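As the structure is a computational prediction, the values presented were derived from the model and not from experiment. Order of appearance sets the numbers: ligands from 1, and atoms from 1 within every ligand.
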Amino acid sequence: MNAQELIDTAKKLVTGDKGLLAMDESNPTCNKRFAKVGIPQTEEMRRAYRELIITTPGLNESISGAILSDETIRQHKKGGTPFVKAITDTGIIPGIKVDAGTKDMAGHPGEKITEGLDGLGERLTEYGQMGARFAKWRAVIVIDDGLVPSRGCIEANAQALARYAALCQEAGIVPVVEPEILMDGDHTLERCFQVTEEVLHTVFDQLYRQRVMLEGMLLKPNMVLPGLACLKQETVNEVADATVICLLRAVPAAVPGITFLSGGQSAELASARLNAMNGGLKSRLPWALSFSFARAIQQPALEIWQGEESHVLAAQQALYHRAKCNRAARRGEYSAAMEKT
Ligand code: 5MM
């Protein structure tokens, strides 16, 4: 492991005002999103969609790194150029999702455990040879009050995240550590705060035990939000405050950056909330606060594209716009007026 290279790559991914684009949907997730807008669920359509994304003019103005899936990292543009080369040529750093997805956790009804540690060292070596410089692993925590989350589930997922992160660093790849508390449910913002704090403390405890170098990793958490079905939905500033207070309590200052997932928030709300954190609260932040959105960057573009060649340009404009809005949010300069331009 070259520690300095890890530190440099982690910093490069979050320095300035750019952020990460998560385009690492597994085939079933991508197919589900295609099905919703009537796009055929084939390998060629997934390839064409990913080509649309990575060839978006000016994407590199706002995006520092793109997270790919195993299928995508092996694909090529229509003309034969490998996606990884096309991405790297624009100055965007290629990353790779390496978890094997979530499974029902034995003995823990309603809870999930992320799999994929078997053979991970070898896979990381292969992805590194293909050009990936950072990786991502997502753990999923469900809130269902009175039932979950359980300590057993939180600890098992935190340990898997830490073992993944240690393997990444050994392979010279920056780990993005993603513990996601799902927005599904009617829980309050306060409950999400408690669970997020507990999960993050547990994750950082495990990262310490597994000897992960914090300066050479990134954290990809959820924002602290009320459940989607909760009757009380806090304001943008209340969400920003709660999220920052929670992160200040649980995330060591040695971590160079926090790159939020969007988790099913609308694209505009995700930008507005990130903006509020980087606006008034910036002087309190020891780390860069950035984004690693999938749906909150891609969804409008996907809906415009609909699998039609003639819609590619308009879809790319929508993608460029969302990336630009989030770049502005990193500077605390996003406003609703940007949505009208
Ligand atoms: C939570 O999902 C991650 C961030 O996406 P959103 O901003 O849309 O919440 C995302 O990177 C996710 O991990 C990938 O899409 C892969 O998901 P699956 O479930 O297909 O492995």
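- Considering backbone and side-chain N/O of F293, none are found under 3.5 Å from N/O of ligand 1.
- Distances from ligand 1 to the non-hydrogen atoms of G101 include no value under 4.0 Å.
- A side-chain contact (heavy atoms from CB on, under 4.5 Å) with W287 is found for exactly one of L248, L219, L218, T259, namely L248.
- The contact set between ligand 1 and E25, taken as ligand atoms under 4.0 Å from a residue heavy atom, comprises 15 (O), 16 (C), 20 (O).
- Tested against E25, the residues R50, K32, R46 include a single salt bridge (Lys or Arg N to Asp or Glu O under 4.0 Å) partner, R50.
- Remark: minimum distance from atom 4 (C) of ligand 1 to any protein heavy atom is reached at K220 NZ, 3.5 Å.
- Taking distance alone, with nitrogen or oxygen atoms compared against 3.5 Å, S292 stays at or beyond that limit from ligand 1.
- Annotation: salt bridge (charged side-chain N to carboxylate O under 4.0 Å, His left out) contacts of K11 (sequence neighbours excluded): none.
- Salt-bridge formation is detected for the pair R74/E126: a Lys NZ or Arg NE/NH1/NH2 atom is positioned less than 4.0 Å from an Asp or Glu carboxylate oxygen.
- Residue-environment remark: NZ (K282) exceeds the threshold of 12 foreign heavy atoms within 6.0 Å.
- At a 3.5 angstrom cut-off on N or O pairs, R295 counts as close to ligand 1.
- Within a 6.0 Å radius of CZ in R47, more than 12 heavy atoms belonging to other residues, nucleotides or ligands are found.
- For ligand 1 and T29, the ligand atoms under 4.0 Å from any heavy atom of the residue are 18 (P), 19 (O), 20 (O).
- Counting heavy atoms closer than 4.0 Å to ligand 1, residue A22 contributes side-chain atoms (C-beta onward) but none from N, CA, C or O.
- When only interatomic distances are considered, the shortest N/O to N/O separation between R33 and ligand 1 does not fall below 3.5 Å.
- In this structure, atom 6 (P) of ligand 1 lies nearest to the protein heavy atom S262 OG, 3.2 Å.
- Annotation: L261 places no N or O atom under 3.5 Å from an N or O atom of ligand 1; distance criterion only.
- Around the CD atom of E44, the shell of radius 6.0 Å holds more than 12 heavy atoms that belong to other residues, nucleotides or ligands.
- In the displayed structure, D104 atom CG is contacted under 6.0 Å by at most 12 heavy atoms of other residues, nucleotides or ligands.
- At the shortest separation from atom 5 (O) of ligand 1 among protein heavy atoms lies A294 CB, 3.2 Å.
- The CD1 atom of I93 sits 6.5 Å away from atom OG of S64, with the distance rounded to the nearest 0.5 Å.
- Here the shortest heavy-atom distance to atom 9 (O) of ligand 1, taken over G263, S26, P28, belongs to G263.
- Shortest contact from atom 14 (C) of ligand 1 to any protein heavy atom: D24 OD1, 3.2 Å.
- In terms of heavy-atom proximity, Q169 sits nearest to G216 at NE2-O, 3.0 Å.
- Of the listed residues (E178, K136, K97), the one carrying the non-hydrogen atom nearest atom 12 (C) of ligand 1 is K136.
- Checking only distances, E180 never comes within under 3.5 Å of ligand 1, N or O to N or O.
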